Amino acid sequence: MTPRETESATSGGRGGGKRPTVRRTTKTEPLIVGNFHARSFRHAWKPFAEKSLSHWTTTLVIALALTIYGTFHLLLVNAETVLNQWESSNLVTVFMQRGVDRNMLAGVGKAIKGQAGVTHLTYVSPKEALIRLKGMMGEEAKLLDELEENPLPYSLEFRVTGHNREQVRALAREVGTFPGVETVSYDHQWADRLEAVVGLFRYVGHFFSLLLLAAVALIVSNTIKLTIIARRDEMEIMRFLGADDAFIKTPFLYEGALQGLLGASGAVVLTGVLYLGAHGVIGELNRSFGIMLSVEFLSIGQLILLVLVGATLGVAGALLSLARFLEV
Amino acid sequence: MTPRETESATSGGRGGGKRPTVRRTTKTEPLIVGNFHARSFRHAWKPFAEKSLSHWTTTLVIALALTIYGTFHLLLVNAETVLNQWESSNLVTVFMQRGVDRNMLAGVGKAIKGQAGVTHLTYVSPKEALIRLKGMMGEEAKLLDELEENPLPYSLEFRVTGHNREQVRALAREVGTFPGVETVSYDHQWADRLEAVVGLFRYVGHFFSLLLLAAVALIVSNTIKLTIIARRDEMEIMRFLGADDAFIKTPFLYEGALQGLLGASGAVVLTGVLYLGAHGVIGELNRSFGIMLSVEFLSIGQLILLVLVGATLGVAGALLSLARFLEV
Amino acid sequence: MIQFHNVTLRYPTGYEAVKKVSLTLPKGSFHYLTGHSGAGKSSILKLIYRAVLPSEGAVVVEGRNVEQLTRRQLPMLRRGIGVIFQDFKLLYDRTVFENVALAMEVAGHDPGRIPGQVKRTLQNVGLGERMYYNPIALSGGEQQRVAIARATVNCPPVVIADEPTGNLDKEMGRRIIALLDALHQQGTTVLLATHDLDLAGETGHPRIEMREGSIVGIWRDGTASGSEP
Amino acid sequence: MIQFHNVTLRYPTGYEAVKKVSLTLPKGSFHYLTGHSGAGKSSILKLIYRAVLPSEGAVVVEGRNVEQLTRRQLPMLRRGIGVIFQDFKLLYDRTVFENVALAMEVAGHDPGRIPGQVKRTLQNVGLGERMYYNPIALSGGEQQRVAIARATVNCPPVVIADEPTGNLDKEMGRRIIALLDALHQQGTTVLLATHDLDLAGETGHPRIEMREGSIVGIWRDGTASGSEP
Ligand SMILES: Nc1ncnc2c1ncn2[C@@H]1O[C@H](COP(=O)(O)OP(=O)(O)OP(=O)(O)O)[C@@H](O)[C@H]1O
Ligand SMILES: Nc1ncnc2c1ncn2[C@@H]1O[C@H](COP(=O)(O)OP(=O)(O)OP(=O)(O)O)[C@@H](O)[C@H]1O
Ligand SMILES: [Mg+2]
Ligand SMILES: [Mg+2]
């Protein structure tokens, strides 16, 4: 018959958050690591190694917060990319004057090609233009059948890449001065709209980003407080045994940093999963909009930044807790 | 000279998370409230009343999580409203057969008016239609000048409200069978696009909603664990004094519920602030899109739901902690 | 009435702190429990209020085998036993008054009756003046007396005391013994573990002596008798 | 050397636990500190390791006024004083070995030297067998001995003991006194608070008697002398 203890009413018993088990180890003695930082790290890692639910759930919550933070940035980055794509792949149409011949057209085309950022230059013959017009008019195209002569001029189309809207406008103005060019048109309505949407996103995103980062620091500080409370007897005793500040505080700073780092790593993974998952939806968007959105993941630099932000917030949370709960 | 104590190394000292102060009250004795639930509630409220940083920051974090949750829903609700507005204000154009006269036109108009949801019915004469077409064609309008006779038929335009896309389609099909009607056209490209955007939102929103709700329960569970650890001595002692389960556990359930309720209330306020703040951006959107988006706040029902979700998650978190840390 | 039937307590370490102990403490009796440090005194007490379960044998309190108590019955058992713990087990984040009142709250007493009863009990142990202090503001001996007050405030039929005079000077120790004796006069069953043989010899109550987990004898009025069957 | 110059300690409650006490404990001396429960024994000890600061007067340890120690100096003071607490202050989530080793870790000892020294000290107090148990698995008296081992493992120049035998039987109590006496022979300054006058009388060391916060006399070899200036 094995003995049964009903002694402690909480799993914490008198010790930390862990049920105090009676150890009778066969190993001769526990490892006493000399290095101060090794010791601090060991202490910080201990609750994680012991699968402390609160430490791992805190890590998860931090990961969530940073994922939301990261996702907002991902969305912003991509919205801006889309905005730029839209702008830079802006279709510019150049209508030539009536009576311009193929030679002059070729000359203008050459001049346009000389401009930076111009791609996909195509010549549109009056005949081609008429077919397109008919397509545009739908039901009403029949009336064009009654035309005796094609009244449309030559035109040119090209796209510009790597230009913002202002630059496209300047380019269009310049092309308008070329000999034989009647008028130049380009569309930026869409860009305006998207910019408004991105603006809304940015507004909401920044609002939440700030709150989320504050939340992460607070969450870490809370878990550290948990450890401080769980270890308050230990710390009081260590003080009486003559422990100095560094001996007592450093493990908590490590714990905060660890918490933040693990959370941030989790966030990187989660963001990645989300990114992959969103691919399907984006494909649908692409089909629906008839565009080719290439959604980018966060850059290496941004990922590193995310992890650093996590660690910094972790340390900040630890400092907050130490200042608040470890009166010295 | 006042006496100074340096005894406790942590603010917790030997007691809870609170520095044990030496009380010498002037009141004759502390209030001992009889009612079991009153006692439980008092215990649950105590850390909040004592301005426990961890309790209030947890509440803030819960508020944030639920705000994000609420905002996603707000965005979804509004996106769907927009979608419906777009659809229901759909412009339907009815082209009559060549040779249809004003009488027949009036008859068809009357029949259309008889349909549910039809508004803004207007008759478009061939002359008017030609002017519009010229406007549409811009530069190329000149070629229409060469027409001897206006080739355009009579047409009718109307808008439908309160119909979803399927219903609009059915209506259009029916109108197409009316005598003298050549063809009926309506535009749903925009709706498709918006639907894709809303779909993306829904995807991201549901993903985060689930994670966030889980996070809220975990956060609550963490803070409850904090209280359990801070009160583990008390609970062990109460067990030995003969306290039953209800006496020990009920305060924690109250605490969880309180945590969730306060967090949810905070979320309602935050969402409201965000909603008001977003108004400016939405106004800009409206101007940019040339539309009149009327953004709605969460309904009373949804607000109550949010608060209930908070309370439920709070209790769930408390139960989680009790199951995990209060071995009984 | 408390009975031990051939009780053995083996801790998870494998150590047998109590070895085949049989013992009867009649209702209303007063016994000392003595023995060297580590003899198993505290273990015997813990078995009574079911802080530990026996590995073998049965502990029977008021006719009930403590091992067979349900979740709902265990609190009732404990409310009937006032325990003075060797390490006091006080709450340092509330006043002395509240510490003692907790025992009455837990037992579900009429809240109106609590303050009066708590005050009376604290005055009995000489702490009337210290009522609204935290135990942290009390000396070791004063804390011990708070623990005594808490164990006796409900007037339980059984009082179990683990070294209740360990931190007290002789005089205060005598006062506490007198206090427990007064309860005994009113019909309370008392079991008092102590290492102070002098103190245990001063009153005429029988003394159960333990050595290494076994009862080696029961001394009544200075004469030894064998261990009970 | 430990000196009290007209020290008064007033707790936040307003209670004067120590009243204008002057006292000199020469280096290498061994003193008992006795007095009734609440006399102020623990308070005197707390003043020495600066758990509380005097309200008036000065406490001087090794020539330093403890009140004027900087944040960095306080740990050094405490490393030089081994304290056996009245309530043990052990950590129940680690083994006995780790509890004692902590004192050496904190003091920054060479990690290689720690295990050997810890084991030797535990064997000295008769706990060689219980080294890898948690203190929760020990009896009250055994826990007290762990506290003694921890206080002495660093061989500090000063050892302060607050009722180190309160939970021990006479025999084990004598063993502990002998152990502290041996440290004293090696030059350690020892101050031992106890309510056990018998024990304090058995060795030839002087006994400081307190009553209500004041020193009422110092007894050397059975004869009283007045309080020191
Ligand atoms: N939880 C436990 N796990 C393992 N061993 C234990 C446990 N509690 C006590 N022991 C061991 O059982 C023996 C008896 O312990 P107990 O506390 O009953 O002694 P005691 O007679 O009360 O001693 P003391 O006078 O020192 O308090 C001791 O040797 C102790 O080490
Ligand atoms: N932190 C405190 N705040 C207020 N009063 C205190 C505090 N600590 C002790 N006292 C009071 O000071 C007096 C002396 O306490 P102290 O602990 O020094 O006594 P003691 O001689 O050690 O007694 P014992 O033998 O019971 O341990 C006691 O009456 C106690 O109530
Ligand atoms: Mg014991
Ligand atoms: Mg004392």
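This is a predicted model, so every value here is computed, not measured.
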Exercise. Sequence neighbours left out, what pairs pass salt bridge (charged side-chain N to carboxylate O under 4.0 Å, His left out) with at least one residue falling in residues 21-42 of chain D?
Key: D:Lys27-D:Glu62
Quiz item: With sequence neighbours left out, what residues match D:Asp169 under salt bridge (charged side-chain N to carboxylate O under 4.0 Å, His left out)?
Solution: none
Self-check item: Straight-line distance of D:Lys89 NZ to A:Glu234 CD, nearest 0.5 Å
Solution: 14.0 Å
Self-check item: Leading residue by heavy atom contact count with chain A [cutoff under 4.5 Å; candidates D:Leu91, D:Ile81, D:Val106, D:Leu90]
Solution: D:Val106
Quiz item: Should the ring pair D:Tyr49 and A:Phe240 be called parallel, tilted or perpendicular, given that the plane angle runs from 0 to 90° and is split at 30 and 60?
Solution: perpendicular
Quiz item: Can you find a heavy atom in the side chain of D:Glu105 that is under 4.5 Å from one in the side chain of A:Met238?
Solution: no
Practice problem: Please look at D:Arg130 and chain A and tell me whether the side chain, the backbone, both or neither of the residue comes under 4.5 angstrom of a heavy atom of that chain. | Solution: neither
Quiz prompt | Engaged part of D:Ala103 at the chain A interface, taking heavy atoms whose separation is under 4.5 Å | solution = both
Quiz item: Taking all non-hydrogen atoms of both residues, which atom of A:Gly242 and which atom of D:Pro75 are closest, and how far apart?
Solution: O-CB, 3.3 Å
Quiz item: Less than 4.0 Å between a side-chain N and a carboxylate O, is that true for A:Asp244 and D:Arg78?
Solution: no
Quiz item: Taking side chain as C-beta onward, heavy atoms only, is A:Leu241 less than 4.5 Å from D:Arg150?
Solution: yes
